[in-house]
Undergrad: 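Here you go, one structure.
All values reported here derive from a predicted model rather than from experimental measurement.
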Amino acid sequence: MNSSKRYEYVMDEAEIREFCLHAFLEQLKYSKKTGIRLLVILAAELLLIPETAALTLLLVIVMVAAVGIYNYTATSRLLRGQPGSVWIEGDKLKAQRRDYGEIPCRDIKLVLRTKRLLMMGYMQRAGRPAWFMIPLRSFRDGHEVDLFLAMMRNPTAQENCYDQTSQCDAEILRFQYQLDLERWVRLQKGAADLVNGGSLGSTARLYGMLALGCVMLAALVSVSCLVAKKFDWLIVGYSFALTILLILKLYYTDPEKLIRKQLMSPEAAARACGLWQVSLTEEGVSLTMPADIKNMYLWTSLAWMVETEEAFYLFHRDKKHFVMIAKESFQSWDQVRFFHQVCADHGIQKAAPKKARYVPLWLLVALFVVCLLALFGIAIVRAALTKKDEPGVASGDVYERISLEEQVEVLKSLGLHVPEETAASVRNSMEEYGLYDLVEESPYTWLLTDMGASTYDEEWNVTGYDDEVFWFDFEGFDISADYIDVLNGMLALAKGSCLDGVTDIQEDMSDADWEKGRGTVTVSLCWKEQIYLYDMEMYNDWIDSEVLGIFNPLLEQEGSQRYFYATGDNGQGAIVFFCTSEWAEQFTQKTDLVLEKETTKADEVR
């Protein structure tokens, strides 16, 4: 018999990782329909609540990552430290790693040559490739790899005979039976029902389901809170519902449709229909399937025997692989009893079949529709609330309107100087653009913004700051200089304090990624002969709010009575004061604008 060299190896960790990665990526290529359905769902969510589309995408990413990690963990456990061998004999590609398998070379349709591995695959069923692999270090050089592949593609046809691996022991029992497509589906579903029903005990599948659900939910809740900067029960509820639906779809739907889908591949259908042969020897159980495929499971690899109405099943310890023996292949009750005895003698545990329970597909669809309708309802409610909160909407029962003149008087009572030109400018805007609602229902912010804005020359260089209030927009003008302008504006409020000694304010943009709009802007200043460095987070051209707290720790060192307090401007800016805590409380009581004291510790002091 013409035979190639037998390539024997033990895979190292790098080779195992590489195999798991490429096998997983190849598997993802067969999920195009799922990807299309996902795009449809994302499009629907984008039209309703865009945040949920991001959460759904994150859910899928977490799920794919979790499945990849699970596959790697399970596969590496099987491969790690286990001697393996692959060779060509006649027209068969054969492999052994504890158990033994062979397949006609003509069925090998997938060949990948990665950095460390030669991977050869066949479609075990539609959308599910199975792999033989050889580390490239097992070959002398690339030429030997090419010779091996050439021999696999053009094998020498031989009379089918078994080598020493498959014929080392005399047969104890032999069974033969015929299967058509419908019966193959029925027997495969019977095996899935036994595993899903818990006939083999608690499975990693159950624990994996719970772990995956917890990871997905935790990721969704964490990200939604970070993005929204608050705990949003609506988004959390939607995340929880989406997670439950996905877990039910993955783990609790009837597998029959998926099993039938496996037969879409002509090769898989050819392997299902025809004569099946099972041989029991002292070494193990040999399974010969149609289309000349053979597997040999050692007794030490098998763990359970389960009887159903149609067949006996011998399950592998991994609870994934199994040998099925149709009951009509038994010739007598004595042979059945002898079969039980042989299994018991080799340590195979007899398990009682348990019924599997599944969630009907129509119920999942109904639940998904309910979730979408609930999402649509949330969108309508939010839109209504947003419209209600928009400035300019007449709602005297909701807002307390404060006239511009009263606002000026309140600010003056707090000791602030309101220039006449500022009041006149705001009044003109109210009259010219109809901003009465904006100014009177969001009192004080328009006046304070105008009072605290920096002055600029014709080339947009800062020429001055107010000494009572400072305002700036968090969306910067030039992020490479904006932090310097903000700190100088704050220092203008603190003239005569210990901060007069602050000098040499600089920005270092070397850790900023302009293209991605991410990175770090390092702000530095010199005070009392020490250099203080602060890492501000870059987000495109937005200023990090941490800048508001840079000076307060320095003031605390000196025991100052006055600190920097800030409030929002009902937009995207900040209104800053340098004051005592008592004045800040008085300001809040009179204006309902809450002043907060920020504190930012230096990342480094030199």
Side-chain angles (χ1 to χ4, degrees), residues 229 389 391 398-427 429-430 435-455 464-474 485-500 543-556 558-600:
K229 295 184 179 180
D389 292 338
V398 178
Y399 297 103
E400 179 184 359
R401 301 175 69 97
I402 299 177
S403 67
L404 181 63
E405 291 71 20
E406 186 178 349
Q407 294 178 39
V408 172
E409 293 303 317
V410 169
L411 293 180
K412 286 182 177 180
S413 72
L414 289 166
L416 297 173
H417 171 65
V418 182
E420 291 184 5
E421 57 268 26
T422 294
S425 173
V426 175
R427 187 177 295 106
S429 297
M430 294 169 65
L435 301 180
Y436 289 94
D437 292 334
L438 278 174
V439 174
E440 294 181 353
E441 293 178 359
S442 300
Y444 309 108
T445 56
W446 281 72
L447 288 169
L448 292 171
T449 296
D450 194 284
M451 291 163 56
S454 307
T455 56
Y465 305 96
D466 191 77
D467 58 1
E468 289 187 336
V469 58
F470 172 59
W471 171 87
F472 70 92
D473 192 333
F474 281 110
D485 292 339
V486 171
L487 292 179
N488 282 331
M490 295 171 67
L491 288 176
L493 303 178
K495 285 182 180 179
S497 72
C498 62
L499 295 181
D500 288 344
I543 298 170
D544 191 338
S545 62
E546 290 288 309
V547 69
L548 291 170
I550 285 180
F551 289 134
N552 282 337
L554 306 183
L555 294 166
E556 289 173 355
E558 297 297 309
S560 174
Q561 297 299 310
R562 295 198 295 170
Y563 296 92
F564 288 98
Y565 289 81
T567 187
D569 63 354
N570 286 323
Q572 58 186 35
I575 300 170
V576 187
F577 296 95
F578 184 62
C579 60
T580 63
S581 59
E582 291 79 11
W583 190 90
E585 290 178 6
Q586 185 182 9
F587 177 88
T588 298
Q589 290 174 358
K590 289 190 174 185
T591 66
D592 283 335
L593 298 177
V594 179
L595 289 181
E596 296 182 345
K597 176 184 172 185
E598 304 287 343
T599 300
T600 303

Undergrad: Please confirm whether the backbone N or O of Val418 pairs with a side-chain atom of Thr422, one donor and one acceptor, at under 3.5 Å?
TA: no
Undergrad: CZ/Phe474 to CD1/Ile543 distance, rounded to the nearest 0.5 angstrom?
TA: 7.5 Å
Undergrad: With sequence neighbours excluded, what pairs up with Glu405 under the side chain to side chain donor-acceptor pair (under 3.5 Å) test?
TA: Arg427
Undergrad: Considering non-hydrogen atoms only, spot the tightest contact between Leu448 and Phe587 and give its length.
TA: CD1-CZ, 3.9 Å
Undergrad: Going by the rule side-chain contact (heavy atoms from CB on, under 4.5 Å), which residues pair with Thr588 if we only count those two or more places apart in sequence or in a different chain?
TA: Val594, Leu595
Undergrad: Going from CZ on Arg562 to CG on Asn552, what distance comes out if it is rounded to the nearest 0.5 angstrom?
TA: 12.5 Å
Undergrad: Report yes or no: does Gln407 contribute a side-chain atom to a donor-acceptor pair with the main-chain N or O of Tyr444 at less than 3.5 Å?
TA: yes
Undergrad: Can you sort out the partners of Asp473 under side chain to side chain donor-acceptor pair (under 3.5 Å), two or more places apart, ordered by chain and number?
TA: Gln572
Undergrad: To the closest 0.5 Å, what do you measure between CG (Leu411) and CG (Leu447)?
TA: 6.0 Å
Undergrad: For Phe470 versus Ser454, what's the shortest heavy-atom pair and its separation?
TA: CE1-OG, 3.6 Å
Undergrad: Start with the C-alpha gap between Leu404 and Trp446, add the side-chain angles, then the distance that decides, and say whether side-chain contact (heavy atoms from CB on, under 4.5 Å) holds.
TA: CA-CA 10 Å; Leu404 181 63; Trp446 281 72; over 6 Å; no
Undergrad: How far apart are the closest heavy atoms of His417 and Glu468, and which atoms are they?
TA: N-OE1, 2.8 Å
Undergrad: Mind listing the closest non-hydrogen atom pair of Asp450 and Ser425 along with its distance?
TA: OD2-OG, 3.9 Å
Undergrad: Ignoring hydrogens, what is the shortest heavy-atom contact between Glu558 and Cys498? Give both atom names and the distance.
TA: CG-SG, 3.6 Å
Undergrad: Could you tell me which residues satisfy side-chain contact (heavy atoms from CB on, under 4.5 Å) with Asp467, sequence neighbours excluded, listed by chain and number?
TA: none
Undergrad: Is any side-chain heavy atom of Leu493 less than 4.5 Å from a side-chain heavy atom of Tyr465?
TA: no
Undergrad: Which distance, rounded to the nearest 0.5 Å, do you find between the CZ of Phe564 and the CE of Met490?
TA: 4.5 Å
Undergrad: Do Phe577 and Trp583 have side chains that approach each other closer than 4.5 Å (heavy atoms only, starting at C-beta)?
TA: yes
Undergrad: Answer yes or no: is there a side-chain heavy-atom contact under 4.5 Å between Val408 and Lys412?
TA: yes
Undergrad: How would you list, by chain and number, every residue that makes a side-chain contact (heavy atoms from CB on, under 4.5 Å) with Glu556, sequence neighbours excluded?
TA: Tyr563, Lys597, Thr599, Lys601
Undergrad: Check Trp471 against Gly573 and note the closest heavy-atom contact, atom names and distance.
TA: NE1-CA, 3.9 Å
Undergrad: Does the side chain of Thr591 come within less than 4.5 Å of Thr567's, by heavy atoms?
TA: no
Undergrad: Drop me the distance from Leu593's CG to Asn570's CG, to the nearest 0.5 angstrom.
TA: 7.0 Å
Undergrad: Between OG1 of Thr455 and CG of Asp466, what distance do you get to the nearest 0.5 Å?
TA: 9.5 Å
Undergrad: Given side chains that start at C-beta, do those of Asp544 and Val547 come closer than 4.5 Å, heavy atoms only?
TA: no
Undergrad: Using the side chain to side chain donor-acceptor pair (under 3.5 Å) criterion, which residues pair with Gln561? Sequence neighbours excluded.
TA: none
